[in-house]
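Worksheet: the structure to be examined is printed underneath.
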Amino acid sequence: LPTNTLDLYLPTGGKHRPVVVFFFGGGWDSGDKASYKFVGAALADAGIIAVVPNYRLYPRAKFPAFMQDAAQAVAWARAHAPDWGGDPERLYVVGHSAGAHIAVLLALDEEYLRQAGGSSRWLSGAVGLSGPYNFLPFTEDYLNDLFGPAANFPRTQPINYVRADAPPLLLMHGLRDQRVRPANTRSLAAAMQTVGGRVTTHYFEQAGHSDLVAAFSTAKRGRLPVLQEI
């Protein structure tokens with residue numbers, strides 16, 4: 001799986017378009033950008049330039065390798081946005097599931113974008129769909145290795161990096177999600193509010209884990225207003 005590659009989805013015409021870097025989910029050990037053409041196409045149809053990168057997956061790589069890959073993708077998108085009619089001052093990260101973890105941790109922990117030559121001030125906002133943000137102790141054994149050693153575990157949790165000056169967060173979750181519990185979104189939102197950070201939440205009563213990303217597809221776009229909220 002080539003990891004230093006990305007796909008670009010462009011709206012028809014226009015200048016100073018917003019730019020979204022979308023990180024797919026898959027438990028940090030599976031997934032490929034090629035499976036998310038429907039997300040890129042939906043964003044482009046909405047007038048947004050979409051960047052969908054691959055990133056290194058477990059077991060080939062462990063934390064924080066995929067975070068470094070994600071930061072490089074954001075740096076690339078910012079540098080090249082004007083080439084495609086994008087506005088580098090309107091740059092957002094969006095992710096589903098493990099990708100939501102990546103997007104939100106990028107926005108909250110400045111280390112990764114700093115390593116890529118920037119800061120979270122590059123981001124106008126971050127959107128997390130069905131994301132794990134406060135998920136210790138790990139419920140699956142491979143996560144202990146992926147995020148290990150144990151001394152690293154606090155660094156892996158977005159909730160440990162809440163701050164008032166973070167980019168605004170939009171967090172969405174289905175209340176029927178059995179894969180990533182909605183408590184992840186509730187606890188992160190509460191922590192952000194406690195420190196005076198900017199956060200908006202949307203909970204969908206009848207939605208499960210994959211429904212929030214399926215909402216980008218033409219077949220299911222009318223069921224949940226995920227794309228409209230973004």
Side-chain angles (χ1 to χ4, degrees), residues 20-33 35-36 38-40 42-43 52 55 57-58 63 66-67 70 92-109 125-144 146-147 153 156-162 166-194 197-230:
V20 159
V21 183
F22 176 83
F23 300 105
F24 57 77
W28 305 276
D29 68 346
S30 64
D32 183 85
K33 61 183 175 57
S35 301
Y36 292 87
F38 70 99
V39 174
L43 290 166
V52 184
Y55 52 88
L57 300 171
Y58 181 81
F63 179 87
F66 52 81
M67 294 301 305
Y92 302 82
V93 287
V94 179
H96 174 252
S97 193
H101 167 266
I102 292 171
V104 171
L105 190 56
L106 267 186
L108 295 180
D109 181 358
V127 181
L129 310 174
S130 314
Y133 315 116
N134 182 23
F135 56 109
L136 289 174
F138 299 130
T139 54
E140 297 180 63
D141 285 343
Y142 83 99
L143 296 177
N144 291 292
L146 190 165
F147 289 114
F153 289 170
T156 70
Q157 303 297 297
I159 196 167
N160 291 334
Y161 293 93
V162 294
L169 304 182
L170 170 60
L171 307 175
M172 295 189 246
H173 221 115
L175 295 182
R176 292 192 175 184
D177 193 332
Q178 299 297 313
R179 175 73 176 158
V180 176
R181 297 292 181 176
N184 280 272
T185 287
R186 288 198 181 101
S187 60
L188 178 60
M192 282 291 288
Q193 289 165 347
T194 297
R198 295 165 290 173
V199 60
T200 303
T201 56
H202 291 277
Y203 299 98
F204 301 107
E205 191 171 338
Q206 303 299 322
H209 184 65
S210 61
D211 290 334
L212 273 70
V213 71
F216 287 93
S217 68
T218 50
K220 299 194 174 178
R221 203 171 295 171
R223 187 174 170 221
L224 297 174
V226 171
L227 184 60
Q228 295 94 307
E229 293 293 344
I230 292 172

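- Annotation: the span from Leu129 atom CG to Leu212 atom CG amounts to 5.5 Å, rounded to 0.5 Å.
- Considering only heavy atoms from C-beta on, Asp29 comes within 4.5 Å of Tyr142 through its side chain.
- Geometric assessment of Arg186 against the ring of Tyr203 yields a positive cation-pi assignment under the 6.0 Å and 45° thresholds.
- Heavy-atom minimum distance, Met192 versus Ala166: CE-CB, 4.2 Å.
- A distance-only check finds a donor-acceptor pair linking the side chain of Asn184 to the backbone of Asn134 [under 3.5 Å].
- When side chains are defined from C-beta on, Leu43 counts as touching Leu227, because their heavy atoms get closer than 4.5 Å.
- Proximity of a side-chain donor or acceptor of Asp177 to a complementary backbone N or O of Gly174 within less than 3.5 Å is not detected.
- By the 4.5 Å heavy-atom criterion applied to side chains, Val39 and Phe24 are not counted as neighbours.
- Note that CG of Asp109 is 4.5 Å distant from OH of Tyr161, once rounded to the nearest 0.5 Å.
- Counting heavy atoms from C-beta outward, His202 and Leu170 have side chains that approach closer than 4.5 Å.
- Side-chain contact between Phe66 and Leu57 is absent, with no heavy-atom pair separated by less than 4.5 Å.
- Residue Ser217 holds its OG atom at 10.0 Å from CG of Asp211, rounded to the nearest 0.5 Å.
- By the side-chain contact (heavy atoms from CB on, under 4.5 Å) test, Gln228 is found to be paired with Pro225, residues two or more places apart in sequence or in another chain being considered.
- Sorted by first and then second residue, the ring pair (Phe, Tyr, Trp, His ring centres under 6.0 Å) pairs involving residues 210-230 (not counting sequence neighbours) form an empty list.
- Phe63 pairs in a ring-ring contact (aromatic ring centres under 6.0 Å, His included) with only one of the listed residues (Tyr58, Phe147, Phe153), which is Phe147.
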Name each donor-acceptor pair under 3.5 Å that joins a side chain in residues 94-107 to protein atoms two or more places apart or in another chain, with its distance.
{"from": "His96", "atom 1": "NE2", "to": "His209", "atom 2": "O", "distance (Å)": "2.9"}
{"from": "Ser97", "atom 1": "OG", "to": "His209", "atom 2": "NE2", "distance (Å)": "2.9"}
{"from": "His101", "atom 1": "ND1", "to": "Trp28", "atom 2": "NE1", "distance (Å)": "3.4"}
{"from": "His101", "atom 1": "NE2", "to": "Thr156", "atom 2": "O", "distance (Å)": "2.7"}

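- In this structure the side chain of Phe22 reaches within 4.5 angstrom of the side chain of Val213, judged on heavy atoms.
- With sequence neighbours excluded, the residues satisfying side-chain contact (heavy atoms from CB on, under 4.5 Å) with Ala214 are Lys220.
- Remark: Gln206 pairs with Arg176, Arg223 by the side-chain contact (heavy atoms from CB on, under 4.5 Å) rule, at least two apart or across chains.
- The closest side-chain heavy-atom distance from Val127 to Glu229 is not below 4.5 Å.
- The two residues Arg221 and Ala42 come nearest to each other via the heavy atoms NH2-CB, 3.5 Å.
- Between Phe138 and Phe135, the ring planes are tilted. Angles from 30° to 60° get that label.
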Can Leu171 and Tyr133 be said to form a side-chain contact (heavy atoms from CB on, under 4.5 Å), step by step?
-> CA-CA 10 Å; Leu171 307 175; Tyr133 315 116; 3.9 Å; yes
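- Under the side-chain contact (heavy atoms from CB on, under 4.5 Å) criterion, Arg198 pairs with Pro168, sequence neighbours left out.
- Nearest heavy atom pair, residue Thr185 against residue Gly131, reads OG1-O, 4.5 Å.
- When side chains are defined from C-beta on, Leu188 counts as touching Leu169, because their heavy atoms get closer than 4.5 Å.
- The aromatic rings of Tyr55 and Phe23 stand perpendicular to each other, their planes meeting at an angle above 60°, with 30° marking the opposite boundary.
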